[in-house]
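To start, the structure under review is shown below, and the notes come after it.
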Amino acid sequence: MQDEPAGVTTASLTAALAGGWGIRAPTLRYLPVGAGGYHWEADGRWFLTVTDAAFAPLERALRTALSLHLPFVVAPIPARNGSPLRPLARPFNLAVFPLVDGVAGEFGPHPPADRPAVIDMLAALHRAPAGAAPPPELRLAGRASLAAGRASLAAGRAWAGGPYAAAARRLLREHASLIASRLAELDRLGRIIADAPTVVTHGEPHPGNILRTPDGPRLIDWDTVRLAPPERDLWFADDSASLARYAAATGHTPRPEALAFYRLMWNLADIAAYAAALRRPHAEGGDAEAALRYLRANLA
């Protein structure tokens, strides 16, 4: 995120690090990277992530990452009470990770040269014991907020959250039938894969969450871990060679319907999230400007 979160201060982070992990008087530097969370570097040794996700499911996801013991997993550092997560001022929570020397890619398709290593990591992850991973969820995150936005269009209500609200409203109005058809297709595909077998999945193994390090690739950002059909991860690298490599490693032949479901789920979840952000109060530039750009791209 480009903009620092209101309500999270250097003092509150410093106190949480001291109380939770025994990390004293760190020098903090905000890092305007990633999406869906806020990040700082602490003393050149730790990578801090602050999110506004609900505490219990997020803690369960991060505990799952801790339990995996796979060499490519950059897992959180447990606090002194054993939890990988510490609450800050509501609604925020803090997780602490080791700062790994590496370079992340950009969101988008995996470069062809990287796909064998990515598939090998996913195959190893999907063979891991389920443990206490969060349960499967085939419902669209943000569907209620998307429905509320579409209802406001039908009622003719203006969006007045900020400088990009009117443009976002216009985009949803112009693409109303497209959104409706995508939702219907998501529901159809969801019924087909409802009883599919599940494995531990990362949820977002795109290039932006893979660090190239001197010791090989590392998978970061484990807050979306849950049990799901393996295609939840595989649609990020679903060319025929990658899927064949995965099938050879695991014995599971990826299903086209499941790949299509999770690709569409990602698209609609982004539309819902960006539309909701632009209905809320926002200022010019920064994350709000990016949200409008991404909303437009997801409706193409």
Side-chain angles (χ1 to χ4, degrees), residues 1 4-102 104 121 124-126 128-137 141 198-205 209-211 213 215 218-228:
M1 305 290 281
E4 295 189 44
V8 177
T9 65
T10 298
S12 66
L13 289 172
T14 300
L17 288 169
W21 287 266
I23 298 173
R24 303 289 178 179
T27 300
L28 301 181
R29 180 170 67 93
Y30 184 70
L31 304 173
V33 297
Y38 305 91
H39 307 289
W40 287 259
E41 177 190 313
D43 279 359
R45 297 176 58 192
W46 299 283
F47 185 84
L48 315 183
T49 296
V50 170
T51 62
D52 59 359
F55 184 90
L58 178 57
E59 185 189 38
R60 187 172 178 180
L62 295 179
R63 283 188 183 275
T64 300
L66 272 171
S67 73
L68 291 172
H69 304 297
L70 292 169
F72 56 82
V73 174
V74 181
I77 300 170
R80 291 187 292 191
N81 66 358
S83 173
L85 199 62
R86 186 174 177 89
L88 300 173
R90 294 183 64 183
F92 297 108
N93 303 297
L94 171 66
V96 178
F97 297 82
L99 186 64
V100 177
D101 181 20
M121 284 194 295
L125 172 63
H126 294 173
E137 177 56 85
T198 62
V199 297
V200 178
T201 62
H202 178 276
E204 300 181 348
N209 282 333
I210 294 179
L211 288 179
T213 80
D215 299 317
R218 298 290 183 267
L219 193 51
I220 62 174
D221 196 3
W222 290 87
D223 59 337
T224 58
V225 173
R226 67 169 56 252
L227 295 175

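In this text, all values refer to a predicted model and were calculated from it rather than measured experimentally.
At least one side-chain heavy atom of Pro135 sits less than 4.5 Å from a side-chain heavy atom of Arg60. Considering only heavy atoms from C-beta on, Pro136 stays 4.5 Å or farther from Arg226 through its side chain. Between Trp40 and Val8 there is a side-chain heavy-atom pair separated by less than 4.5 Å. The shortest distance between side-chain heavy atoms of Leu88 and Leu13 falls below 4.5 Å.
Of the inter-residue distances, the one linking Leu219 atom CG with Leu70 atom CG reads 10.0 Å to the nearest 0.5 angstrom. With rounding to the nearest 0.5 Å, the separation of OG1 in Thr224 from CG in Asn209 is 7.5 Å. Atom CG of Leu62 sits about 8.0 Å away from atom OG1 of Thr51, to the nearest 0.5 Å. Between the CZ atom in Phe97 and the CG atom in Asp221 there is a gap of 7.0 Å [rounded to 0.5 Å]. To the nearest 0.5 Å, the span separating CH2 on Trp46 from CD1 on Ile23 amounts to 4.5 Å. Atom CG of residue Leu94 and atom CG of residue Leu85 lie 7.5 Å apart, to the nearest 0.5 angstrom.
Ring planes of Tyr38 and Tyr30: tilted class, angle from 30 to 60°.
Taking all atoms of both residues into account, the shortest heavy-atom contact from Arg24 to Asp43 is O-OD2, 4.5 Å. Scanning both residues, Glu204 and His202, for their nearest heavy atoms gives N-ND1, 2.9 Å. Between Leu227 and Ala130, the shortest heavy-atom distance links the atoms CD2-CB, 3.8 Å. Residues Pro134 and Pro57 share a closest heavy-atom pair of CG-O, 4.4 Å. Across Arg63 and Ser83, no two heavy atoms sit closer than the pair NH2-CA, 3.6 Å. Among all heavy-atom pairs drawn from Ala42 and Pro26, the shortest one is CB-CB, 4.1 Å.
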Fill in: Worked verdict on Ile220 versus Val100 for side-chain contact (heavy atoms from CB on, under 4.5 Å)
CA-CA 10 Å; Ile220 62 174; Val100 177; over 6 Å; no
Fill in: Derivation of the side-chain contact (heavy atoms from CB on, under 4.5 Å) call for Phe47 and Val74
CA-CA 11 Å; Phe47 185 84; Val74 181; over 6 Å; no
Worksheet entry | Chi angles and distances behind the side-chain contact (heavy atoms from CB on, under 4.5 Å) call for Asp223, Thr49 | CA-CA 10 Å; Asp223 59 337; Thr49 296; 6.0 Å; no
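Counting heavy atoms of neighbouring residues, nucleotides and ligands inside a 6.0 Å radius, atom CZ of Arg90 does not exceed 12 of them. By the 6.0 Å contact criterion, CG on Asp101 is open, its count of non-hydrogen atoms from other residues, nucleotides or ligands being 12 or less.
Between the side chain of Thr14 and the backbone N or O of Thr10, at least one donor-acceptor pair lies under 3.5 Å.
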